[in-house]
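Every chain is numbered from 1 and lettered A, B, ... according to where its sequence line falls, protein lines coming before strand lines. Just so you know, these numbers come straight off a predicted model, no measurement behind them.
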Amino acid sequence: MSWRPSKDSARGCSQYNICRGERRYSHFSSSDFYSSLRLEDFLSVGDTSGTEEDTDSAILYGTLRGSVVGLRYYTGVVNNNEMVALQREPNNPYDKNAVKVNNVNGAQVGHIKKELAAALAGIMDNKLAIVEGVVPYGAKNAFTMPVQMSFWGREENKEAVLDQLKRHGFKLAPPLKGSECGFGSKWISGRSGPSYSAPVHAAVQLTTEQLKSEFDKLFEDLKEDDKTCEMEGAEAVGTLLLPHQKQALAWMISRENSNDLPPFWEERSNFYYNILTNFAEKQRPKNVLGGILADDMGLGKTLTVIALILTNFQDGKPLPVEKITSDKFFEESGTNSMNSVGRRLCKDSSNVMEPGVSDVKKFENAPLKYSSCLPKRDKAKKPRYSGSSDLGESEEWLFQQTETTSCVIQEDAGFASVLLPSSACLKRPAKRKGTASVQSVEKKYADGGPRATLIVCPLSVLSNWIDQFEQHIHQDFHVNIYVYYGSDRNKDPSVLSEQDIVLTTYNILATDYGIRGDSPLHKVKWLRIVLDEGHTIRNPNAQQTKAALNLEGHRRWVLTGTPIQNSVKDLWSLISFLKLKPFTDREWWHRTIQRPVTMGAPGGLGRLQSLIRSITLRRTKTSKVKGKPILELPERKVLIQHVTLTEEERQIYQSVKKEGRAAISRFFSEGTVLAHYADILGVLLRLRQLCCHPHLCMNTSSSFSADNKTPEEPREILVSKMKLVLSSGSDEECAVCLESLTLPVITRCAHVFCKPCIFEVIRSEQPNAKCPLCRSELRVEHLVECPLEEEADSTKGKKSDQEWISSSKINALMHALIELRRDNPAAKCLIVSQFTNFLSLIENPLKESGFAFTRLDGSMAQKKRVEAIQCFQSSQAGSPTVMLLSLKAGGVGLNLTAASRVFLMDPAWNPAAEDQCFDRCHRLGQKHNVVITKFIVKDSVEENMLKIQNKKRELAAGAFATKKPSASEVKQTKINEIKALIDL
DNA sequence: ACCGCCGGGTGCC
DNA sequence: ACCGCCGGGTGCC
C-alpha cells in the first residue's frame, strides 16, 4: 500500500515547490500553531490495528496479584521487582487465552496461569485495558512466581474491565501507593500480601505551564560540563569551524568512541542492571554511539556532521580519503584525465593503495565497479569527476526541482559537481586543469568494516546537503558521495557500501523499505546513520519511521532543531532509533519515562532529563559558551511602514472587497465556508495583490463558478482552485500531516492534501472514506493532481504589454530606496515579495532611478541563481545594491549577508516564513545591523494579516506542551481567521 | 469398596 | 513440586 513516487510525481512536486517555495521550516509554520493535530484526532485511522493505547488519558483501574507458571520451560529470567511484559498468545495450541510473560529483554519467563489468562484474554484483545506486570518476589522460583498486575485504560472502559474480571472471579485491588506510574516497583519482598492504601490519584499533575517550562529547562541545561571541549576538524574539512562547532564535533566524536554504559544502566557484581526496570543481564548493554544533535538552526549542524564524517572514522582516525595532488605523471603518460578520474570514483574500494607513482598503475588496473559511471561524452576539456550511467547528452539536468535548491549538472564550469536527476556521484572541484592524480592516504585501516555514512533527510534539504558538501569538503580531497534518489537510483548495496557518504530522503527510504526484500539501504551495514530533521520520524506508525528504525549501523545520529515538538511522545521514535536499551520497545519507554512524566510522577522529569542530557547536545542562538554568546549577530530591527492607497487604488480595492465580502458572508450564512476555502483564499489573494499594485490581480479569474455545487466541480475548476491555494502564499498545510503540502492533490470537495496523506486516509477508511475537512465522500479516482510545468509566470511577460504605472507601495519603496542610497550609497538591500509579478513591476522604477539590481526567484535555473547570488554578494564597486527576492526563494543555505536592509513588500500569512527570509541576511557573516521595513497598507487586509501573525506568534510560543487542538478547533481557527481578514 | 487410604507418577499454556 | 492432582492398588486390627 505504500505509495511510490514516480518521476512524474516528483516533477509534480517540483512544480509545487516552484509555486510554494521552500518547505524546510514547516515546523515553524502554522503547523506549530495548530500544534500536534494528528490524523487520529478526526479520523479513526492512525494505527489500523487500534493498538494505539491512548496513553495520555489512561488511568489506573487497580492491581491484581496473579501467578506466572511454567517457568521451567523457558529461559527468560527476572529479578525481584523487575517489570515484566504480558503478551497475548492467541495461537497457543493448548489455550487460546494464553498470556505470555516476558522479561524486559523480551525473553519469555512463563505464562499467566490459565484461569487468570481466561479473564485477561478478553480484556487485552479488546484493548479495554493495558495490563502491566511486576514480579514482586519469588524471582528465583523454579516453577511459578507471583506477578503484580496493574490495569490501565480509559475511564469509560473501567466498568467493562472490572466486570470481565468479576465474571472470572477476580477483583482488582485499589492502586498501590507508589505504583501509579508503573515504575519503581515498590513491593517489599516477602510473603505478606501487599499493603493496601487509599487510592491515590495521579500524583501531582503539572499544569501545562509548568510542563512547558520543565520541557524548556530540559533542553536548556544541556550545554555545560563535558560538552565544551573543542576539537579541530580533519584536514579534509575545508571550512574553519566556529568554537561551538568544534565543541559539537568533540562531543559527537566522544559519543561515537564512547565506552560508557547507556543511561540508567549500572554494573553490579558481574551484571548490568537497568535501574528503571530492575532488569539485569550478563551481557554489557550497548550504548548508542551517537545521539541527538538538537542545535537551533543556523548553528551549523550540517557542517558539524560533515566534519564528524571526515574526522572520526575508525580508532579516532580521520576518514581515509584520497588527496588530489598535482601529478605530472598523468600528463606524461598521456592518461586521459577523465579515465583516471572515473576509476578513482568507481574503483573497488577494497583496493589498498600506497602513495606514489606506482599507485597510479595499480590504480589503472583497479577493477571498475560500474564502469559506466563515466560520462560517455568525454570531449570535455575540463576534468570531470563524476557522472552516471545515463548522463546522456544534455547540458543541464535539473536535479531536484524545489524552487529554492535545484541543482544542475555543470558541464563546463570550472568545477565538476555533477548532479544527476537521480543517482549521482558528487565530486569536489578540481583546482588544477587538465590533470589530476590521486594520492591514497592511509587506506590501511579501511578494510573490512563499514565505511559509509548514510544521511537521510527530507527532500527539501537534499540539495542543501549537497551545497554544504561543496562548501565544506576541502577541494583537494576526494570524498565519494552518492545521492541515492530518483527512480534510476543504483540499487546495488555494494555500490552504496563503498561510498563515503550516501545521501537519500525519507521518502526513498520508506518506499524501498515497503518493497519487501528490496531495500539496498537496509542491506548495508552503515558506519554511521544520520537522520536530518529527525522529528520527521516522530510518528511511530509512519512507514518512514519504521524504515528508519530498521537501518543497520552502530553510530546513529538524529539532527533536529525541535527535539520535543509537542510532547514527550514525540521523543520515542528518536530514542528508539538510537537503540537505547530498553526503550526500543515502546512498553518500557512508556512505563519508565513517558507515563511518569505526563502523569507528573516524582522523578519522571528527572529521568527524562538525565536521559536527554546524556545523549543530546543543544545550543540555541542565544546560548552562551564561557559567558559569550555562541553567535554574535548584529542587531535586527523590524519597522512597519504604513502606506496609504491613492483614491483610485482605494476605489478598486473597496469594490473587490465588497464583492468578496458579500460572497464570503454568503458562505458563512450557508455554512459552506470550508467548502469554499479556495474561493475565499482567492478573494484574499486579490485584495493582497491590490495592496501592492492594481495590475497584479488583473487576470486572476473571478473564481465563483456559476453554481457552486461543491462535490461535482469539474476538473479544470479544481485544478485552478488548487493552483490558487498553492500560489496564494497562504502557506496552507495538509490537514492530515500538518506539514506543508507535498505532491498536492485536490479533492472533489476542493480541499487540498498531500497525495500520500489522502491516499492513506482513503485506504484506512475504506470503503467509505470521508474528506478530513468536510466529511464529503472521498474517492481516489476523484482526486486531481497538480499538473506539472507551465510556470505561473507565463502571465508575467504578457503583463508588461500594459503600460507601466506605479502604485502607492512602489512609491513608498522608491522613496525609501533613494533615501537609503543618499545616506549610504554602498548599502545593499533585499526587496522581498511573494508576488514575482510585483517584483517585475518594481524592476521598472529601479532602472529608471539607476539602481543596479539583480533578481532571485523560484523560476530561475540554478546556474542563474548562483550567478545572481554571487553577483549580489560581491563587494566590488558597481555590483548590484538591490536584489529582488521572492519570499520563499532559497533554502537555509542561501546567504545574502551583503544586504543590511530588507524591504518586505507584502506580509506573509505565516510570520515564520518572513523570519526565515530575514535570516538569509541576518545570519552568520552579517557585519551590519539589519533593518527590515515592512510595507503595510492602512485599512486593508494586510493590517489584519499582521494581527493574525501576532496571534500566531503568541500561540507558537506557548504551544510547546499544550494539548493539541481538535479538528473542529482547527476549523474554527481557520474560520475565525477568515472573518478577521475580511472584517466580518 | 458406588468408599477411604496409600503412595507413585507427574507437573504451563 | 518439601506442593496438588490424578488414577491405580488396595482394603480389620
Less than 4.0 angstrom between a side-chain N/O of Arg72(A) and OP1 or OP2 of dG11(B), yes or no? no
Roughly how many Å is it from NZ in Lys96(A) to C1' in dC12(B), rounded to a whole number? 17 Å
Who are the ring pair (Phe, Tyr, Trp, His ring centres under 6.0 Å) partners of His522(A), not counting sequence neighbours? Tyr513(A)
Under a 3.5 Å cut-off for both distances, is dC3(B) Watson-Crick or wobble paired, and to whom? dG11(C)
Identify the pairs formed between an N or O of the protein and an N or O of nucleotides 2-5 of chain C at a distance under 3.5 Å, and give each distance.
none

Heavy atom of residues 106-116 of chain A under 4.0 Å from DNA chain B: which residues? His111(A), Ile112(A), Lys113(A), Lys114(A)
Quick check, does Phe143(A) stack with dA1(C)? I mean ring centres under 5.5 Å and planes off by under 30°. yes
Can you find a donor-acceptor pair, distance only, under 3.5 Å between Tyr94(A) side chain and dC12(B) base? no
Interatomic distance, Glu89(A) CD vs dC13(B) C1' [rounded to whole Å]: 7 Å
Intermediate values then yes/no, side chain to side chain contact (heavy atoms under 4.5 Å, CB included), Val109(A) and Met145(A): CA-CA 10 Å; Val109(A) 177; Met145(A) 60 173 65; 4.3 Å; yes
Of the options Asn105(A), Asn287(A), Asn274(A), which is the one that meets Lys581(A) in a side-chain hydrogen bond (donor to acceptor under 3.5 Å, both in side chains)? Asn105(A)
Side-chain donor or acceptor of Asn92(A) under 3.5 Å from a matching atom on the base of dC13(B)? yes
Phe264(A) ring centre to Arg607(A) NZ or CZ under 6.0 Å, with the angle to the axis within 45°? no
